[in-house]
Amino acid sequence: MPELPEVETVRRGLVPLLEGRVLERVEVLDERLVRPIAPRDAEQLLTGRRVLRLDRRGKYLLLVLDDDLVAVHHLRMTGSFAGPAAEEPRHVRLRYFVEGLAGPVRYNDPRRFGTLDIGSSAEITAYLDSRLGPEPLGPDWNGDALYERLRRRSTSLKAVLLDQRVVAGLGNIYVDEACFLAGVRPDLSADRVSRVGAERLVAAVRARLQEAIDVGGSTLRDYRGVEGEVGGMQERFVAYGRAGRPCLTCGNTMRGARIAGRGTTWCATCQPTNRARKLG
DNA sequence: CGCCCTGTTGGGGA
DNA sequence: ATCCCCAACAGGGC
């Protein structure tokens, strides 16, 4: 379930478990998890290394290890971590046996879309920089930056916001949420979003991501945090998953359609154009 | 019970 | 540049 706020929630949950500690043993249970390295080689590479710190870049989770080594997890659709105190998940793909902990930290992933890349800090930096644009909550991203990107694209606004090279960390949920908050239709051609619209979108993305981080992310279905906790964001969605239900602002029925290949929800009344939205 | 559809992501091919 | 399909599994509707 990991978009940026969920990955950030996982990162924070892992800090007390991993940061500063030595990986005494690592078990890779899924042959295809670590790419393009053989599972046994990955285990050997990681064993005995100390976790200096946990970082996040977009939706990627970084274990910065000693000896200039970085392990990068991407949770894709269904990856999650379970701490020693959490119940044993049904689809454990990797176990970190960590110095001083009662049990292993387990990586779980039913669909097996998640990935783990291991490399030097220079290799990982190059890998991430080639795929990711600025951090949405960082200083490098603003209305002008987004506007300049949008005006050169003929596809939908939604497709552009989902492009990780434009801004790193947005997924299907928060794009719909931000478009609703900004009052801009997600199916609008990107090059028709105004400068003001771009400004509003940046503010909406920031507000929505920060709110989700503050309440511990959204936990869809039976996903839980590292210690089994439930995030509070799922009950705060104003657009995502609300197709066919009344708009929380105006009461009209929310539209649902397939945009950029993804299920998309918006309110035709509150998101009519890229112009300022009337407040209710 | 089976079949069909959907899905929080990203990569590759057309 | 853009779009479609795929990876592999769970859950819901019929």
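Please read all numbers here as calculations on a predicted model, not as lab measurements. Reminder, nothing fancy here: chain letters follow the sequence lines and each chain counts from 1.
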Q: For A:F113 and C:dA7, say yes or no: do the ring centres fall under 5.5 Å of each other while the ring planes differ by less than 30°?
A: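 Stacked: ring centres under 5.5 Å, planes under 30°.
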
Under 4.0 Å from OP1 or OP2 of [N]: is there any side-chain N or O of [X] that close?
{"X": "A:T155", "N": "C:dC3", "answer": "yes"}
{"X": "A:R262", "N": "B:dT6", "answer": "no"}
{"X": "A:S154", "N": "C:dT2", "answer": "yes"}
{"X": "A:K59", "N": "B:dT8", "answer": "no"}
{"X": "A:Q164", "N": "B:dG10", "answer": "yes"}
{"X": "A:R32", "N": "C:dA7", "answer": "no"}
{"X": "A:H74", "N": "B:dG10", "answer": "yes"}
{"X": "A:R258", "N": "B:dG7", "answer": "yes"}

Length of the [atom1]-[atom2] vector between [X] and [N], whole Å:
{"X": "A:D30", "N": "C:dA7", "atom1": "CG", "atom2": "P", "result": "15 Å"}
{"X": "A:R165", "N": "C:dA1", "atom1": "CZ", "atom2": "C1'", "result": "9 Å"}
{"X": "A:L161", "N": "B:dG10", "atom1": "CG", "atom2": "P", "result": "14 Å"}

**Q.** Between A:H73 and A:Y60, ring centroids under 6.0 Å
**A.**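 Not under 6.0 Å, so no.
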
Salt bridge check, [Y] against [X]: does any charged N sit closer than 4.0 Å to a carboxylate O?
{"X": "A:R152", "Y": "A:D191", "value": "no"}
{"X": "A:E8", "Y": "A:R12", "value": "yes"}
{"X": "A:D176", "Y": "A:R242", "value": "no"}
{"X": "A:R57", "Y": "A:E135", "value": "yes"}
{"X": "A:E19", "Y": "A:R53", "value": "no"}
{"X": "A:R208", "Y": "A:E177", "value": "yes"}

List the atom pairs, with distances to 0.1 Å, where a side-chain N or O of residues 113-124 of chain A and a protein N or O form a donor-acceptor pair under 3.5 Å, not counting sequence neighbours.
| residue | atom | partner | partner atom | Å |
| --- | --- | --- | --- | --- |
| A:D117 | OD1 | A:R35 | NE | 3.1 |
| A:D117 | OD2 | A:R35 | NE | 2.9 |
| A:D117 | OD2 | A:R35 | NH2 | 3.0 |
| A:S120 | OG | A:E123 | N | 3.2 |
| A:S120 | OG | A:E123 | OE1 | 3.4 |
| A:S121 | OG | A:D68 | OD1 | 2.5 |
| A:E123 | OE1 | A:S120 | N | 2.9 |

Show each protein N/O and nucleotides 11-14 of chain B N/O combination with a separation under 3.5 Å, one pair to a line.
| residue | atom | partner | partner atom | Å |
| --- | --- | --- | --- | --- |
| B:dG11 | OP1 | A:R131 | NE | 2.9 |

(Q) Only Watson-Crick and G-U wobble pairs, only distances under 3.5 Å, only runs of 3 or more: what stems does that leave for DNA chain C? (A) B:2-7 with C:9-14, B:9-14 with C:2-7

(Q) Looking at A:N172, is its backbone amide N or carbonyl O close enough to the side chain of A:E3 to form a donor-acceptor pair, meaning the two atoms are under 3.5 Å apart? (A) yes

Q. Base, sugar-phosphate, or nothing: which does A:G263 touch, judged by heavy atoms less than 4.0 Å apart?
A.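 Sugar-phosphate, no base atom in range.
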
